[in-house]
Amino acid sequence: MKKFLFIILIGISSYAQQTYPTLGKIISYDPSFSKLVSADAKIEVIATGLKWAEGPVWVKDGGYLLFSDAPQNTIFRWDEKNGLQLFLKPSGYTGLGQYSDEPGSNGLLVNTDGELVSCEHGDRRISRMKLSGGGKVTIADNWKGKRFNSPNDICRHSSGTYYFTDPIYGLPGRENDTANRQINTEGVYSVDAKGNVVQFQSNLKRPNGVALSPDETILYVSHTDGANPYIMAYDINKNGVVGAGKIFFDFREHKEVSNGAADGIKTDAAGNIYAAAANGIVVISPKGKLLGKIETGVPTANCNFGADGYLYITAHHYLCRVKLK
């Protein structure tokens, strides 16, 4: 009996101490970065075999992570106990045959009603669905009667308004897709609780990630244009209306990350910006100061915070995480 109990306890112990392979390193550019992440923190690889991992979101009611793989037209689920599992397929394109190289969902969030909100490349819309039972409902799929290009990333204001970007990455022919493209600009949009869609920005070549400041007075939009790699900041009033914008952070002005152009972005409770760029997650203060980088060493698309204290990172073929302070 004692031997049997010993074996069971060993099994429990090995699960509790589960280890993962690691990659990359933590790079500090400012002493304050050590308050966010330890210099010796490990970047764990918790899932592999993906084509292009994107759009991670933590589901608090359940304690698991969801993320997109647009080329596989799939949303995956990950948790510590069960590892990687299929959650939804198709996640974007629901038509027949092959649509594009990236037909699936991209940016994801869970709204205050507990619904999964998705940016769908293939079906060219913003949708919502219950996490159990399914059944997608379209939030928006057009502007002035013209179909979106391929909604990419999204965030939500407490007023109920969503902000999202609409570049060309999910179109079969991208910028040259005259057969499918109906809007000539790559816009940044809002859609309010009544379904009213407004294009408030049309002069960015490759709008990509979006995130709100903690007090919801600033909307950050990343510009993934190699010639002009910067993050924009737009003023927002209390009703969620977007005002004037300015360049918040220009990667070309920081030699440490000058090879970067931000993809997905997130903000923490202190207002720091976490931008997927330069083969990692570049961390910037609310005042635009470069603090440090969580360097994965591979093309990195996005990140999000888990209720378990980890920052989850989608990095090419990998799903990673790093413990934050």
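All values derive from a computational prediction rather than experimental measurement.
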Would Arg77 count as a cation-pi partner of Phe87, with NZ or CZ less than 6.0 Å from the six-membered ring centre and within 45° of the ring normal? no
Residue set satisfying ring-ring contact (aromatic ring centres under 6.0 Å, His included) with Phe76, at least two apart, ordered chain then number -> Phe67
Taking only residues two or more places apart in sequence or in another chain, which ones pass ring-ring contact (aromatic ring centres under 6.0 Å, His included) with Tyr169? none
Between [X] and [Y] (salt bridge meaning N to carboxylate O under 4.0 Å), is one present in this structure?
{"X": "Lys81", "Y": "Asp79", "answer": "no"}
{"X": "Asp30", "Y": "Lys289", "answer": "yes"}
{"X": "Glu115", "Y": "Lys130", "answer": "no"}
{"X": "Glu186", "Y": "Arg174", "answer": "no"}
{"X": "Lys323", "Y": "Glu44", "answer": "no"}

Would Asp123 and Thr94 satisfy side chain to side chain donor-acceptor pair (under 3.5 Å), going step by step from the backbone distance to the final call? CA-CA 7 Å; Asp123 280 0; Thr94 55; 2.7 Å; yes
When you compare the side chain of Asp141 with that of Glu120, does any pair of heavy atoms fall below 4.5 Å? no
Student check: side-chain heavy atoms of Leu291 and Ser32 closer than 4.5 Å: yes
For the residue pair Tyr189 and Phe148, is the inter-centroid distance of their aromatic rings smaller than 6.0 Å? yes
Would you say the ring centers of Phe305 and Tyr274 fall short of 6.0 Å from each other? yes
Distance-only side-chain donor-acceptor flag, [X] / [Y], under 3.5 Å:
{"X": "Tyr234", "Y": "Gln201", "answer": "yes"}
{"X": "Ser91", "Y": "Ser105", "answer": "yes"}
{"X": "Lys42", "Y": "Thr22", "answer": "no"}
{"X": "Asn73", "Y": "Tyr99", "answer": "no"}
{"X": "Arg252", "Y": "Ser258", "answer": "no"}
{"X": "Gln199", "Y": "Thr185", "answer": "yes"}

Has [X] got a side-chain atom pairing as donor or acceptor with [Y]'s backbone, closer than 3.5 angstrom?
{"X": "Asn304", "Y": "Ile313", "result": "no"}
{"X": "Glu295", "Y": "Gly24", "result": "no"}
{"X": "Ser68", "Y": "Ile75", "result": "no"}
{"X": "Ser150", "Y": "Pro167", "result": "yes"}
{"X": "Ser213", "Y": "Thr217", "result": "yes"}
{"X": "Ser100", "Y": "Gly170", "result": "yes"}
{"X": "Glu216", "Y": "Ser158", "result": "yes"}
{"X": "His317", "Y": "Leu50", "result": "yes"}

How many angstroms lie between atom [atom1] of [X] and atom [atom2] of [Y], to the nearest 0.5 angstrom?
{"X": "Lys266", "Y": "Cys155", "atom1": "NZ", "atom2": "SG", "answer": "9.0 Å"}
{"X": "Ile26", "Y": "Ser28", "atom1": "CD1", "atom2": "OG", "answer": "10.0 Å"}
{"X": "Asp263", "Y": "Asn106", "atom1": "CG", "atom2": "CG", "answer": "7.5 Å"}
{"X": "His121", "Y": "Glu102", "atom1": "NE2", "atom2": "CD", "answer": "6.0 Å"}
{"X": "Lys136", "Y": "Leu88", "atom1": "NZ", "atom2": "CG", "answer": "5.0 Å"}
{"X": "Ile284", "Y": "Asn272", "atom1": "CD1", "atom2": "CG", "answer": "9.5 Å"}

Hydrophobic cluster membership, [X] vs [Y], 4.5 Å side-chain cutoff:
{"X": "Met232", "Y": "Leu219", "answer": "yes"}
{"X": "Val37", "Y": "Leu311", "answer": "yes"}
{"X": "Ile27", "Y": "Leu290", "answer": "yes"}
{"X": "Val45", "Y": "Trp78", "answer": "no"}
{"X": "Ile294", "Y": "Val298", "answer": "yes"}

Using every non-hydrogen atom in the two residues, find where [X] and [Y] come nearest and quote the distance to one decimal.
{"X": "Glu175", "Y": "Ile168", "value": "OE1-CD1, 3.7 Å"}
{"X": "Pro286", "Y": "Ile273", "value": "CA-CD1, 4.3 Å"}
{"X": "Val257", "Y": "Phe251", "value": "O-CD2, 3.6 Å"}
{"X": "Arg156", "Y": "Leu212", "value": "O-CD1, 3.3 Å"}
{"X": "Ala262", "Y": "Ser222", "value": "O-OG, 3.4 Å"}
{"X": "Ala315", "Y": "Ala53", "value": "N-CB, 4.5 Å"}

Can you establish whether the number of heavy atoms outside [X] located under 6.0 Å from its atom [atom1] is more than 12?
{"X": "Lys325", "atom1": "NZ", "value": "yes"}
{"X": "Asp215", "atom1": "CG", "value": "yes"}
{"X": "Lys205", "atom1": "NZ", "value": "no"}

According to the interplanar angle, ranging from 0 to 90°, do the rings of Phe249 and His254 count as parallel (below 30°), tilted (30 to 60°) or perpendicular (above 60°)? parallel
What class does the angle between the rings of Tyr163 and His157 fall in, given that below 30° is parallel, 30 to 60° is tilted and above 60° is perpendicular? perpendicular
Applying side chain to side chain contact (heavy atoms under 4.5 Å, CB included) to Pro299 and not counting sequence neighbours gives Trp52, Asn279, His316
Give the intermediate values and the outcome of side chain to side chain donor-acceptor pair (under 3.5 Å) for residues Tyr162 and Asn111. CA-CA 10 Å; Tyr162 294 98; Asn111 65 20; 3.3 Å; yes
Using the side chain to side chain contact (heavy atoms under 4.5 Å, CB included) definition, which of the options Leu204, Asn149, Asn152 pairs with Thr165? Asn152
Which residue is it: Val322, Val57, Leu65? I am looking for the one with a side chain to side chain contact (heavy atoms under 4.5 Å, CB included) to Tyr312. Leu65
